[in-house]
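Since the structure comes first, as structure tokens, the remarks are kept for the end.
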Amino acid sequence: MIFTLRWFGHEDPVSLTALRQVAGLDGVVSGLPDILAGGVWTPAAIEARRRELAEHGFAWTVAESLPVSEAIKLGGPERDEHVAAWCTSLRNLAAAGVRTVCYNFMPVFDWIRTDFALPLADGSTAMAYAHADLARFDFSAGMERLAAWAQGYTGAELEALFRRARALGEERLFEHLTAFLAAVVPVAEEAGVRLALHPDDPPWPIFDLPRIVSDAAGIERILQAVDSPANGLTFCTGALGAAAGNDLPAMAEAFAPRIAFVHARNVRRTGARDFHEVAHHPSAGDVDLVGVLERLMAAGVDVPLRPDHGRMLWGEQAIPGYGLRDRAIGLGYLQGVVAAFERSRA
Ligand code: DNO
């Protein structure tokens, strides 16, 4: 496994100097959040980020996220232009040595939570999701851009997007995804890049918007539709693990050859569609991270892995889910599991 941590760039209160103190880090996951979906990641912008990481001794291991525009997801007049821009970005990333590219195909939103700082019993805070609380969202004034989300929208823009996405439905969203993959996977193959589709987070429909990357059947269908190693998956244990029906170790084994990137995150399920995030340690939640890692390593999966969201510990202030403390503890735990497994097979 290639151990990584995510860094958001200049908006990230966690500095690269701080990341430097984490032992056994093989590289950094980063993106260019200032370039909105549909725009090209130019060689100059990529080089600036690459150099910044290199100055701190880090390789830029994964691009996360190369955003896919709503015109591509929902079908809009700029679709072809945006697909071409995405392909150009892929080639530019490959030329700079970034060979894993994470993206998602969730209409309108990336991941969502209903509480960004739920106090836990241990005195830390964590992000939480309660399905009934979605009803409290009021989008009439729009949605601000968060660092972890690709884009913000005005109220009117959101209303139009909601209308289009709801009318689209799952089947046509799937068609848009396969059309996108048919265009970008050959470019990825040629450039030597693996694409890593992030599952829906949470893995069920929100606000009546279609979602198609939520379970084994949906993922299987997408991987089969364009059957190439370059058409890969981000195996996000937190996103998929929020649904009790997802058997994560079985999915890790089934999709192993196509898993290009791993997000290791733990959640505590508190209802059929309710959960909050917890420490990576298995005692804290419902995700069998050891089982997942065991299956991945038994299958010879050797890809970038990062601890995903953690709690905010000891009063830390950071991008929601992306405090350094719990992620660093989580990384150490994951490194230990992997090292023990490797030792047992040596
Ligand atoms: C959340 C992340 C996601 C992920 C995108 C990939 O913290 O896991 O925002 O980067 O879904 O496109």
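Atoms within each ligand, like the ligands themselves, are counted from 1 in listed order. For this chain, numbers begin at 1 and follow the sequence in order.
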Q: Supply the members, apart from Trp314, of the Ile/Leu/Val/Met/Phe/Trp/Tyr cluster built from side-chain contacts under 4.5 Å; use none for a lone residue.
A: Leu313, Ile329
(Q) Quick check on Glu47: does its CD atom have over 12 non-hydrogen neighbours (other residues, nucleotides or ligands) under 6.0 Å away? (A) yes
(Q) Test of understanding: given a 4.0 Å heavy-atom threshold, classify the contact between Arg306 and ligand 1 as side chain, backbone, both, or neither. (A) side chain
Q | Short side-chain to backbone donor-acceptor contact, Trp7 and Val14, under 3.5 Å | A | yes
Q) In terms of atom number and element, which parts of ligand 1 are under 4.0 angstrom from non-hydrogen atoms of Cys102? A) 6 (C)
Q. For ligand 1, which atoms, with element, lie under 4.0 Å from some heavy atom of Asn104?
A. 5 (C), 6 (C), 11 (O), 12 (O)
(Q) Which label fits Phe162 and Phe139: parallel for a plane angle under 30°, tilted from 30 to 60°, or perpendicular past 60°? (A) tilted
Q. Just by distance, with hydrogens left out, do Ser228 and Glu189 show a side-chain donor and acceptor under 3.5 Å apart?
A. yes
Q) What atoms of ligand 1 come closer than 4.0 angstrom to any heavy atom of Glu64? A) 2 (C), 4 (C), 8 (O), 10 (O)
Q) Quick one: does ligand 1 sit under 4.0 Å from the side chain of Met127, the backbone, both or neither, non-hydrogen atoms only? A) neither
Q: Under 4.0 Å from a heavy atom of Trp111: give me the atoms of ligand 1 that qualify, with their elements.
A: 1 (C), 2 (C), 3 (C), 7 (O), 9 (O)
Q. What atoms in ligand 1 come closer than 4.0 Å to a heavy atom of His263?
A. 8 (O)
(Q) List ligand 1 atoms under 4.0 Å from His309, heavy atoms only on the residue side. (A) 1 (C), 7 (O)
Q: With sequence neighbours excluded, tell me which residues meet salt bridge (Lys or Arg N to Asp or Glu O under 4.0 Å) with Asp208.
A: none
Q: Classify the side-chain pair Arg306/His263 by whether it contains a donor and acceptor separated by less than 3.5 Å.
A: yes
Q: Record the part of Asp110 in heavy-atom contact with ligand 1 below 4.0 Å; permitted values are side chain, backbone, both and neither.
A: side chain
